[in-house]
There are 2 protein chains.
Amino acid sequence: MPTKSKDSWKIPKVAVAVDLAVLTVRDDELQILLIERAISPFRGQLALPGGFIASEREDIDAAAVRELAEETGLDANTLHLEQMRTYGTPERDPRGRVVTVCYLAVVPDLPLPTAGGDARAAHWEPVRTVLDDSTSVAFDHGSIIADAVDRARGKLEYTTLGAAFCASPFTISELRHVYETVWGQRLDPRNFHRKVTGVEGFLVATGERTTRDGGRPAALFRRGDARLMHPPILRAAKQ
Amino acid sequence: MPTKSKDSWKIPKVAVAVDLAVLTVRDDELQILLIERAISPFRGQLALPGGFIASEREDIDAAAVRELAEETGLDANTLHLEQMRTYGTPERDPRGRVVTVCYLAVVPDLPLPTAGGDARAAHWEPVRTVLDDSTSVAFDHGSIIADAVDRARGKLEYTTLGAAFCASPFTISELRHVYETVWGQRLDPRNFHRKVTGVEGFLVATGERTTRDGGRPAALFRRGDARLMHPPILRAAKQ
DNA sequence: GAAATAGTGTCTCTTAGACAATATGCG
DNA sequence: CGCATATTGTCTAAGAGACACTATTTC
């Protein structure tokens, strides 16, 4: 905090933006929501949704919620949204100094409400193609996306974030599929079932069951109130 | 990121600061480094060390390192420093809009090099007295400190951050004392010993031993290269 | 030897992981 | 019934937690 001995000197002011890393599991892949930039710099390139704070009075979290609605049509009340990290190297934006506060959002694979609003060409892209550089993104958004994926992978272990990837109500198979996709790792269906049903507050049974082509119908659940999972579900150790 | 359809409108600029939550274990307590504010607002009150970025060109991480040196005399090369979270509610600073990027630092209990520089009245305060409001701090620094403590407590579980609280070389007893103090929880010395010595890369034996009054001398260790601990040391479940 | 602290070993119980068996729908 | 998927159960091995014992120093 400001505690300079001399009060009399100019405090530099910089532009503050928010960026959103919106993740989902879709087509058996972890995917991220990208938009096509309409303006320079990086015009026409893919980038994270986001933007500058609207005024000097706008709260940062509120700006994230607003940009989410404006650029993707998504409603922050229906999804997981958390602040992730701030990126502030001086050269990260060619127009000048921009400090951006990044948020991680997790949504189920539902049709994007791109209909109205400012949503231009928002679409899903597998994170795989971003991480291996076969899809290039604007600014330093590549490393932001890498950070977001790391964060999501880690949080599946010790929080109930996995359920935020599932449209409610969901089956345990669907939840397991989220874990398998995000971690890129197969999990034993029976052990997974035992584990997640044993975590108090993770899942709330609706009493309903799926109706489907073949196979026994699965029980349907909603996300419970628990946010932390204790003990965690650990990934296999680094290979 | 900036992707407004209309390019022609004023981008609000705000002051950006960095704040430092420097933690140590001292006198059997988790303590935090606070300074006495020399200027208004909150003049004379305790606050986290920190300050505005020096210029439009200064990197955020660099600003944290600089403020750490200026306000506490500590050298970022000798300690653990990581970005924690950004605080940006509009009313958090009475002087106007200030967005502050907060860093968590962890240091061993060594004499503060307060001798030279800008270090004014930097001193250690038990976090307990801040968390229970018996010590009041400026701005929203109370909740920042609470977040920093949460972060540190959590990171002891699945990282080797604990060793950053110890002056090198250190004994396993000293490391255990860090865990016990930060978590506020007794740990079995024998199980702890077995656990931490079993984590590859956590501890590097120096071959030296302590010399002391009574009791068998303890082996001395340095911090190893490992930063993540797999599997983690879990705290007892919430009681 | 007594006191103090370090370090090793052992036992038990919980739980993760592998895998078999049963349940319940559909055609 | 046969197929497909869900769910429960069983076994084993690894690890956490409790606790006893041995080791090495100083006085």
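We name chains A, B, ... by the order of the sequence lines, and we start the count at 1 in each one. A quick note: this is a predicted structure, and the numbers were derived from the prediction, not measured.
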Using a 4.0 Å heavy-atom cut-off across all strands, classify A:Thr171 as base, sugar-phosphate, or nothing. nothing
Would you call B:Trp124 and B:Asp27 a side-chain contact if the rule is heavy atoms closer than 4.5 Å? no
Verify side-chain contact (heavy atoms from CB on, under 4.5 Å) between A:Trp183 and A:Glu180, making sure each step is shown before the conclusion. CA-CA 5 Å; A:Trp183 283 351; A:Glu180 291 181 332; over 6 Å; no
Without decimals, in angstroms, what is the distance between B:Ile172 CD1 and C:dT8 C1'? 12 Å
Whole-Å distance separating the NE2 atom of B:His193 from the P atom of C:dT5: 16 Å
Check: A:Thr100 and A:Arg92 side chains under 4.5 Å, non-hydrogen atoms: yes
Does A:Arg227 reach the side chain of A:Thr160, with side-chain heavy atoms less than 4.5 Å apart? yes
May I have the distance from A:Leu187 (atom CG) to C:dA18 (atom C1'), rounded to whole angstrom? 14 Å
First and last nucleotide of DNA chain D, 5' to 3', lying under 4.0 Å from heavy atoms of chain A: D:dA4 to D:dG9
Using a heavy-atom cut-off of 4.0 Å across all strands, would you classify B:Thr197 as base, sugar-phosphate, or nothing? nothing
Readout for nucleotides 19-27 of chain C: B = base within 4.0 Å of protein heavy atom, S = sugar-phosphate only, - = neither; 5' to 3' it is BB--BBBS-
Taking only side-chain nitrogens and oxygens of A:Lys195, does any of them come within less than 4.0 Å of OP1 or OP2 of C:dT15? no
Less than 4.5 Å apart, any side-chain heavy atom of A:Glu174 and any of A:Phe221? no
Atom pair distance, as rounded to whole Å: CZ in B:Phe192 and P in C:dT5: 18 Å
Gap between atoms CD and C1', on A:Glu157 and C:dA16 respectively (whole Å): 14 Å
Can you find a heavy atom in the side chain of B:Ile60 that is under 4.5 Å from one in the side chain of B:Val18? yes
Once you round it to whole Å, what is the distance between C1' of C:dA6 and CD of B:Glu174? 13 Å
Run the side-chain contact (heavy atoms from CB on, under 4.5 Å) check on B:Val137 and B:Ile144 step by step: do they pass? CA-CA 10 Å; B:Val137 291; B:Ile144 295 178; over 6 Å; no
List the residues meeting ring pair (Phe, Tyr, Trp, His ring centres under 6.0 Å) with A:Phe192, not counting sequence neighbours, and say none if there are none. A:Tyr179
Side chains of B:Asp61 and B:Leu81: does their closest heavy-atom pair fall under 4.5 Å? no
